[in-house]
Amino acid sequence: MQIGYEVIWEFVRRIPRGRVSTYGQIAKLAGLFRRARFVGYALHHLPPGMPIPWHRVINARGTISFPAGSANYTEQRKLLEREGIRFIGGKVDMKRWGWPGPTSQKSPGRARATRRA
DNA sequence: ATAGTGACCGCGT
DNA sequence: AACGCGGCCACTA
């Protein structure tokens, strides 16, 4: 259970504040192409107190993977909204808050003329 | 060693 | 848009 998780945590740590990534994307960045589930496992085994922004990782559908209403769900959503991420119908607009990748680090919100109100 | 279970994903109804 | 299904793979019983 040692090796492997740390690599994933490292990438999760790079997700900028106010943005979100997906299990699949993190897996891809870490060189684990089809292993999104492994990323979920890595976060599940994340030691308490570790300075890793685990809450910035959600699933590809733009929703939180915990059961709605569960303590974990509430916690993760609170942390994300605290960073300015908005939920619409329980979903996050990945076009707007999705993290492009390690190279790009633009700030959301002010962004594009995606004439969203 | 086999079978079941997940903080998943993407494609086809 | 919501659901179902198969693919993935580490971990546990």
Side-chain angles (χ1 to χ4, degrees):
Chain A
M1 67 180 257
Q2 301 320 55
I3 315 171
Y5 292 174
E6 298 171 344
V7 178
I8 289 173
W9 298 337
E10 176 54 33
F11 279 96
V12 171
R13 200 169 64 70
R14 299 188 193 181
I15 305 173
R17 188 172 182 292
R19 312 228 46 172
V20 296
S21 187
T22 69
Y23 298 94
Q25 180 176 33
I26 293 300
K28 185 179 176 182
L29 290 174
L32 305 171
F33 302 97
R34 291 283 187 123
R35 309 180 206 179
R37 308 193 76 147
F38 185 63
V39 174
Y41 240 94
L43 296 182
H44 179 71
H45 289 290
L46 185 63
M50 269 276 224
I52 305 295
W54 59 270
H55 58 281
R56 294 179 191 150
V57 184
I58 60 179
N59 62 44
R61 295 173 183 169
T63 67
I64 289 175
S65 287
F66 289 115
S70 67
N72 284 325
Y73 178 96
T74 303
E75 172 69 6
Q76 184 168 13
R77 179 159 175 167
K78 184 182 69 177
L79 290 171
L80 290 176
E81 295 186 315
R82 176 185 299 173
E83 297 188 352
I85 292 170
R86 195 182 348 175
F87 285 75
I88 299 177
K91 291 179 281 188
V92 170
D93 183 349
M94 300 305 284
K95 297 293 184 183
R96 185 170 182 178
W97 286 289
W99 180 43
T103 61
S104 182
Q105 298 177 24
K106 292 181 301 183
S107 183
R110 66 167 80 281
R112 271 312 55 132
T114 49
R115 75 213 70 205
R116 212 73 207 79

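Chain A is the first sequence line, chain B the second, and so forth, proteins listed ahead of strands; every chain is numbered from 1. Basis for what follows: all heavy atoms, side chains included, without hydrogens, waters or symmetry-related copies. These figures come from a predicted structure and were not determined experimentally.
- Here the side chains of Arg86(A) and Trp97(A) are in contact, with some heavy-atom distance below 4.5 Å.
- Nearer the 5' end of DNA chain B, as judged by each residue's closest nucleotide, is the contact made by Tyr41(A), out of Tyr41(A) and Gly24(A).
- Taking 4.0 Å as the cutoff to heavy atoms of chain A, we find the contact window on DNA chain B bounded by dG6(B) to dG10(B).
- Looking only at distances, no side-chain donor or acceptor of Ser70(A) sits under 3.5 Å from a matching main-chain atom of Phe66(A).
- For the pair Val20(A)/Val57(A), no side-chain contact is recorded, criterion being any heavy-atom separation below 4.5 Å from C-beta on.
- Between the side chains of Arg77(A) and Tyr73(A), a donor-acceptor pair is found at a separation under 3.5 Å.
- No side-chain heavy atom of Val39(A) sits under 4.5 Å from any side-chain heavy atom of Thr22(A).
- Listed by residue number, the members of residues 25-37 of chain A with any heavy atom below 4.0 angstrom from DNA chain C are Arg34(A), Arg35(A), Arg37(A).
- Ring to ring, Phe38(A) and Tyr5(A) are close: their centroids are under 6.0 angstrom apart.
- Taking the side chain as every heavy atom from C-beta outward, Gln76(A) and Trp54(A) approach each other to under 4.5 Å.
- In this structure, Ile8(A) places its CD1 atom 13 Å from P of dC9(C), rounding to the nearest Å.
- Between Arg19(A) and Glu83(A), no side-chain nitrogen of the basic residue sits less than 4.0 Å from a carboxylate oxygen of the acidic one, so the salt-bridge criterion is not met.
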